[in-house]
Amino acid sequence: MDAKIVATKPFDGQRPGTSGLRKKVKVFQQPNYLENFVQAIFDSRKDLRGGILVVGGDGRYYNRRAIQVILRMAAANGVSKALVGQGGILSTPAASCIIRKYNTQGGIILSASHNPGGPDEDFGIKFNAANGGPAPEAMTEAIYTRTSEIDSYRTLETEDLDLDHTGEITLGDMTVQVVDPVADYADLMASLFDFGAIRKLFESGQSRMRFDAMHAVTGPYATEILENRIGAPAGTVMNGKPLEDFGGGHPDPNLAHAKELVAMTKGPDGLDFAAASDGDGDRNMILGKNFFVTPSDSLAVLAANAHQAPGYKDGIVGVARSMPTSQAADRVAEALGIECFETPTGWKFFGNLLDAGRITLCGEESFGTGSDHVREKDGLWAVLFWINLLAARKQSVGDIVKEHWKRFGRNYYTRHDYEAVDSEAANGLMDHLRRLLPNLPGTELGGVKVEYADDFAYTDPIDASRSEGQGVRIGLEGGSRIVFRLSGTGTQGATLRVYLEFFEADSAKHDQETQAAMQPLILIARELAQIETRTGRSEPDVIT
Ligand code: VG1
Ligand code: CO
């Protein structure tokens with residue numbers, strides 16, 4: 001079958017952000033918009049010709065359509081084999097697992113993650129490299145450059161394929177193998193965690209739990225692993241059927257968007273353990289009875305207890321966290337005598353450290369935790385790690401975290417998001433902060449001395465690549481920090497994120513309500529950035 005060459009013109013703005021190209025579905029539906037980006041991937045990743053490509057997505061609206069387009073283009077661009085999740089479904093960590101397990105040349109993942117789905121909502125596409133991780137910046141820049149000069153794309157004229165049954169299909173000269181999206185991933189989890197010990201915990205009846213898939217991709221994964229393989233009671237997984245619009249909600253596992261689940265942990269009859277994941281299955285939220293574990297604390301607790309899970313029984317070699325993530329993990333690394341890295345926001349920056357064997361665990365404040373088992377953050381992995389920990393330590397979630405604070409001190413932490421702010425105002429605010437930076441060190445904020453103030457830049461310790469302008473960082477004496485950055489995943493205006501952290505060593509002061517305890521720092525941040533006068537917003541839209 002001959003490839004058809006279709007003439008096209010470049011679209012502006014196809015530069016991938018923190019995690020791929022994310023736009024409104026309507027933008028992706030423009031003729032040639034998706035095709036241009038996909039052809040730019042094939043043009044800049046020459047090893048895909050004759051290679052194996054993984055394709056799958058989180059099942060949101062436009063997923064099925066996009067996959068048919070991508071498969072035709074893959075065949076026309078000389079890919080020899082495509083591995084596709086049944087029904088077009090692959091969670092982001094499962095895609096990473098399959099890219100690695102079958103030694104493929106990479107994968108195309110369709111997702112806008114925690115953003116809402118549906119005809120008027122968001123869609124996204126990203127390329128993951130042969131290591132299973134999100135394309136590093138040099139790769140995404142090459143793809144972007146190609147989108148700005150593209151004049152044609154290659155495709156085939158064929159009928160849509162039936163992707164709802166596993167098995168092999170021929171498409172031109174390419175083989176499409178439709179794979180069970182869950183099996184390989186579930187096997188990997190079974191190799192890392194003690195399913196027997198977890199089963200006993202469930203059988204004891206002492207730990208009542210729920211996992212909220214938020215009508216997103218992790219439903220089938222959680223049902224297979226928790227209910228079928230481990231034997232948790234039926235109904236442990238809630239909202240387990242993936243829907244194209246996630247039931248109209250934000251598939252974002254946090255206190256603001258997983259309200260139903262959070263409510264189930266409250267009161268004397270509250271659940272002992274509850275967890276949720278996001279649209280594409282890479283995020284996690286961990287809750288205990290009347291207890292919320294911040295993602296930053298979760299990373300630190302997992303690092304301190306890693307040896308309790310079979311997959312990490314020999315300990316960990318190092319940890320990394322994104323810059324805005326709290327410094328709780330740094331304290332654990334110091335106690336363990338292992339390396340700790342601070343990287344820019346986005347999972348792509350962990351890839352080199354993981355590949356080089358410099359770190360075992362990594363995480364972000366945005367409900368992302370993961371390890372060297374794949375090259376993406378992994379929601380269900382974090383949930384299983386926590387349940388394994390509960391089974392091994394025979395303690396409640398709250399007790400484990402409180403004991404951790406007693407030993408290492410507590411890093412109080414919160415993030416305030418101002419969403420869909422006018423872009424010009426948001427950029428003006430960041431410029432204003434950058435202008436303040438040189439004069440801040442040595443002055444006082446709220447009576448505390450500023451130790452450093454900078455616009456975070458990162459030099460990758462493995463390949464020396466440099467990333468600048470990654471967020472304004474203000475460090476105060478005693479370990480408090482204020483960080484400001486603009487989101488790189490939003491699709492409407494700008495989203496300002498304000499990250500706040502302060503350290504409390506005294507265990508008598510570890511029981512404060514977070515927002516109340518952080519009020520002084522919150523006010524300082526608002527004033528310094530002139531948030532209200534510049535954006536017209538007096539309160540954040542989302543507090544996590
Ligand atoms: C956000 C988070 C970041 C995360 C990214 C992708 O990016 O802050 O930590 O890596 O989303 O997560 P930003 O640029 O909007 O702050 V996911 O689960 O949306 O793939
Ligand atoms: Co996600």
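Start at 1 and go down the list; that is how both ligands and their atoms are numbered.
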query = Taking N or O atoms only and a 3.5 Å limit, does Ser487 qualify as a polar contact for ligand 1?
reply =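 Yes, there is a polar N/O contact under 3.5 Å.
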Counting from 1, what ligand 1 atoms have a heavy atom of [X] closer than 4.0 Å?
X	result
Arg497	8 (O), 13 (P), 15 (O), 16 (O)
Arg415	8 (O)
Asp278	18 (O)
Ser19	6 (C), 20 (O)
Gly488	13 (P), 14 (O), 15 (O)
Arg485	13 (P), 14 (O), 16 (O)

ask   = Does ligand 1 have an atom under 4.0 Å from some heavy atom of Met323?
value =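 False for this residue.
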message = Tell me whether ligand 1 is touched by Ser322 - counting only heavy atoms on the residue side and a distance under 4.0 Å.
response =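 No, that is not the case, since the closest heavy atom of the residue is not under 4.0 Å from the ligand.
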Could you tell me which N, O or S atom of [X] is nearest to the Co ion (ligand 2)?
X	result
Asp280	OD1
Asp278	OD2
Asp282	OD1

task = Run the ring-centre check on Tyr185 versus Tyr221 and record whether the distance is less than 6.0 Å.
result =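 Yes, they do, as the ring centres are separated by less than 6.0 Å.
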key: Pair Tyr312 + Phe385: ring centers closer than 6.0 Å   =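 Tyr312 vs Phe385: aromatic centres under 6.0 Å.
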Whether [X] side chain and [Y] backbone form a donor-acceptor pair below 3.5 Å:
X	Y	value
Asn63	Gly88	yes
Arg481	Phe502	no
Thr360	Ile316	no

request  = Measure up the Phe367 and Phe292 rings against each other and bin them: parallel (under 30°), tilted (30 to 60°), perpendicular (over 60°).
outcome  =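 If you compare the ring of Phe367 with that of Phe292, the planes turn out tilted.
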Among all protein heavy atoms, pick the one closest to [atom] and tell me residue, atom and distance.
atom	answer
atom 20 (O) of ligand 1	Arg22 NH2, 3.0 Å
atom 2 (C) of ligand 1	Ser366 OG, 3.5 Å
atom 12 (O) of ligand 1	Lys377 NZ, 2.9 Å
atom 10 (O) of ligand 1	Glu364 OE1, 2.7 Å
atom 11 (O) of ligand 1	Arg283 NH2, 3.0 Å
atom 17 (V) of ligand 1	Ser113 OG, 2.7 Å
atom 7 (O) of ligand 1	Thr489 CG2, 3.4 Å

request  = Identify the two heavy atoms, one from Trp381 and one from Ser371, that lie closest to each other, and give their separation to 0.1 Å.
outcome  =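 Here Trp381 and Ser371 meet closest at CZ2-CB, 3.5 Å.
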inquiry  = I'd like to check the side chain to side chain donor-acceptor pair (under 3.5 Å) partners of Ser19; sequence neighbours left out, ordered by chain and number.
reply    =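 Once residues adjacent in sequence are excluded, the partners of Ser19 under the side chain to side chain donor-acceptor pair (under 3.5 Å) criterion are Arg22.
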Just by distance, no angles: are the side chains of [X] and [Y] close enough, under 3.5 Å, to form a donor-acceptor pair?
X	Y	result
Asp280	Thr92	yes
Trp347	Ser322	no
Asn411	Gln327	no

key: Pairing residues for Ala82 by the side chain to side chain contact (heavy atoms under 4.5 Å, CB included) criterion, not counting sequence neighbours   =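 Applying side chain to side chain contact (heavy atoms under 4.5 Å, CB included) to Ala82 gives Leu71, Val84, Met174.
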ask   = Backbone or side chain, does Ser111 get an N/O/S atom under 2.8 Å to the Co ion (ligand 2)?
value =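 Checking Ser111: none of its N, O or S atoms is under 2.8 Å.
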